[in-house]
There are 2 protein chains.
Amino acid sequence: MQQHLPTIVDIAQQLGISKSTVSRALTGHPNVNSKTRQRVLDLAEQLDYQRNQLAISLLTSQTRTIGIIVPEFLSFFFPKVIIGAQEVLAEAGYNVVICHSNESYETEVTNARALMASRVDGLLVSHTKDTRNFDHFRIFQRKGIPVVFFNRVCEDMSVSKVTVDDYEGAFRAVEHLIQTGRRRIAHLAGPDSLPNSRHRLNGYRDALRHYQIPEEAELVISYDLTLEKANIYVNHLLNLPQPPDALFAVNDPTAIEALKVIKGRGLRIPDDIAIVGFSNDPASALVEPGLTTVAQPVSEIGQQSARLLLRQLAAEAAAEPETVILPTELIVRSSTVG
Amino acid sequence: MQQHLPTIVDIAQQLGISKSTVSRALTGHPNVNSKTRQRVLDLAEQLDYQRNQLAISLLTSQTRTIGIIVPEFLSFFFPKVIIGAQEVLAEAGYNVVICHSNESYETEVTNARALMASRVDGLLVSHTKDTRNFDHFRIFQRKGIPVVFFNRVCEDMSVSKVTVDDYEGAFRAVEHLIQTGRRRIAHLAGPDSLPNSRHRLNGYRDALRHYQIPEEAELVISYDLTLEKANIYVNHLLNLPQPPDALFAVNDPTAIEALKVIKGRGLRIPDDIAIVGFSNDPASALVEPGLTTVAQPVSEIGQQSARLLLRQLAAEAAAEPETVILPTELIVRSSTVG
DNA sequence: CTGTTAGCGCGTTCAG
DNA sequence: CTGAACGCGCTAACAG
């Protein structure tokens, strides 16, 4: 049973002064007798008084709270982005509310509604892989509440965005495979619905083209990023009459699953088949052989997103949306070079 | 620039009715003409109306929001606990706000204050390793806002708690080492301030005692859980005149760091030295050799914590605190048995 | 320096 | 079935 929490009126009554004076004392307003202020402060402390942020937000119609919606947070990626964003936001005096859509479009819509209902001042979003309709985010935009997309961005919305150069990262990864002598390079791609997947696929294709290696349709498989499927497709690739001599995976979990399957079949890595992942998940340094991968500046994604949001928040009128594309870096480990 | 968000008054004026009627229509009150209700609902949809949760919370003095404070969320553990808790809480109609103290006592206090200011209905907490003073949580308790501790629990507070049987888990782990022939078993323990660490240490000690193996003081090192220190201490242990033939680590990151150091020195695992971790981090299955570890029912910790909190919330008067101790399970992998 | 008043958006009496 | 009035806790504008 929750008891009555003390309010400024309680303090005012006990001290025999008006609630305005209490309010002023508490907020550090200059025009208060220093003795009165001290009495207020002392009593507040004694009563464990905490200002009711709800009432203040209702009054000022700003909550100084930013909502973050992410599709998952079991892998290291999103937690690390969130921490990066939180650093910047906390410094600017904003709180952070994290919502987890669990890759479910319906949950994402529910999350967005809840954040709207609780009147967040801004939104940081990486959408689910099934999100095709972005109306639940457009509503924020229409109300003048800034939205910044990161990692998984909506290409149709005119808002600020932070991504990495997926195309370039993929190009360099495949180039590395080619330069280390690989010719039949498979690509386990992500779902078409995600721009990231498409950009990585394009990087893969252009690298092959650039080095005049014909693309084999049978070596490219798009899938939904569930590990069970990854398992099936890797086995499928290995069973081909002409199996690949390298695999470029859309992300590290996929690459690590592939690594397990390949080792399980007694093939040697990288001798028989080389593997490259994407993101530089801490696990990629742990597996054996170490996984070559395309590193993303994860914390920086969060920090930059927060900064773009802050800039929108500071702008009087609707500010021009900005797009930041962060560089990637190829981390070469033993899964590609003996 | 944030625009004016539509309120029930806006809807009422456009429809030429009173805001009470709009309120009733929106909340599904029975006594509303169905035609009027439909007109309200239509206009609300058209205006993207979202009820202002702030105002409602201020009025009802309940936010239907639960705060969760965790010390970190880069390892898999806390995210998974949070997801478990969220499932249960969402089903009961509660939202979740996650705060990340980053193992900083000051941040934890700030988080607690912010959650109090935003009037959460309840609190789920795992405190930092430096938290000695729990006054910032006692305030909630005193106000009748239920608090549930999980994983890292405050032994001095009379609130509901969810932990695993650390003692038993540690005992079984060390017993396993003894039964596979180890005699000089080192223990890299966590800080004394954490009950978990102490219980695991006790389990270690009692297992040795039970099998009449004398405890060597030089083989037990408590540390602050930073990986750099782990590295130093593992090297120190290996440099002893009589190095250990087994290592029981307080958690999996520590064990994995140890594994790297040991392999780096050209020692064989488990032949020269066996390793056991704690928690069954996904990474423990990835490293080579696979890490033997004590698994915790992670999602269940979250679910149970949420259920205990819900029970407190439902209780009219202050409900009796409950303590749930979940079982662990030893997962044997190649780091202990060839 | 301090008190009074108004109102943020809403649900809920209490009258019609 | 509907409307008017009140108050949740707080800050800001206005008067002393």
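Order of the sequence lines fixes the chain letters, A, B, ..., with proteins taken first and strands second; residue numbering starts at 1 for each chain.
- Taken residue by residue, residues 22-50 of chain B places heavy atoms nearer than 4.0 Å to DNA chain D at B/R24, B/N31, B/V32, B/N33, B/T36.
- Place B/S18 and A/P6 on DNA chain D by their nearest nucleotides, and B/S18 ends up nearer the 5' end.
- If you check every strand for non-hydrogen atoms under 4.0 Å, B/S20 touches a base.
- Rounded to whole angstrom, the span from the CD1 atom of B/I11 across to the C1' atom of C/dC10 amounts to 12 Å.
- Relative orientation of the A/F137 and A/F134 rings is tilted, given thresholds of 30° and 60° on the angle between their planes.
- Side-chain contact between A/R51 and A/I56 is present, with heavy atoms from C-beta onward closer than 4.5 Å.
- Taking atom CD1 on B/I17 and atom C1' on C/dG16, their separation rounds to 17 Å, with Å as the unit.
- Aromatic ring orientation, A/F73 versus B/F73: tilted (interplanar angle from 30° to 60°).
- Following rounding to the nearest Å, B/R51 (CZ) and C/dC10 (P) show an atom-to-atom distance of 9 Å.
- Distance check: A/L89 CG to A/I82 CD1 gives 11.5 Å after rounding to the nearest 0.5 Å.
- Once you apply a 4.0 Å limit to the heavy atoms of chain B, the touched nucleotides of DNA chain D run 5' to 3' over D/dC1 to D/dG9.
- Counted within 6.0 Å of CZ on B/R37, heavy atoms from surrounding residues, nucleotides or ligands total more than 12; the atom is thus considered enclosed.
- Put simply, the side chain of A/Q14 reaches to within 4.5 Å of the side chain of A/L43, judged on heavy atoms.
- Between A/T21 and C/dG3, a side-chain N or O to OP1/OP2 separation shorter than 4.0 Å is present.
- Screening A/L124, A/L115, A/T128, A/I98 for a side chain to side chain contact (heavy atoms under 4.5 Å, CB included) with A/I69, the sole residue that qualifies is A/L115.
- A/L54 comes within 4.0 angstrom of nothing in the nucleic acid, heavy atoms only.
- Counting heavy atoms of neighbouring residues, nucleotides and ligands inside a 6.0 Å radius, atom CD of A/E155 exceeds 12 of them.
- Within 4.0 Å (heavy atoms only), A/I56 reaches sugar-phosphate atoms of the nucleic acid but no base atom.
- Contact of the B/L26 side chain with the B/L41 side chain is registered, since non-hydrogen atoms from C-beta on lie closer than 4.5 Å.
- Counting to the nearest Å, the C1' atom of C/dC8 and the CG atom of B/L58 are 9 Å from each other.
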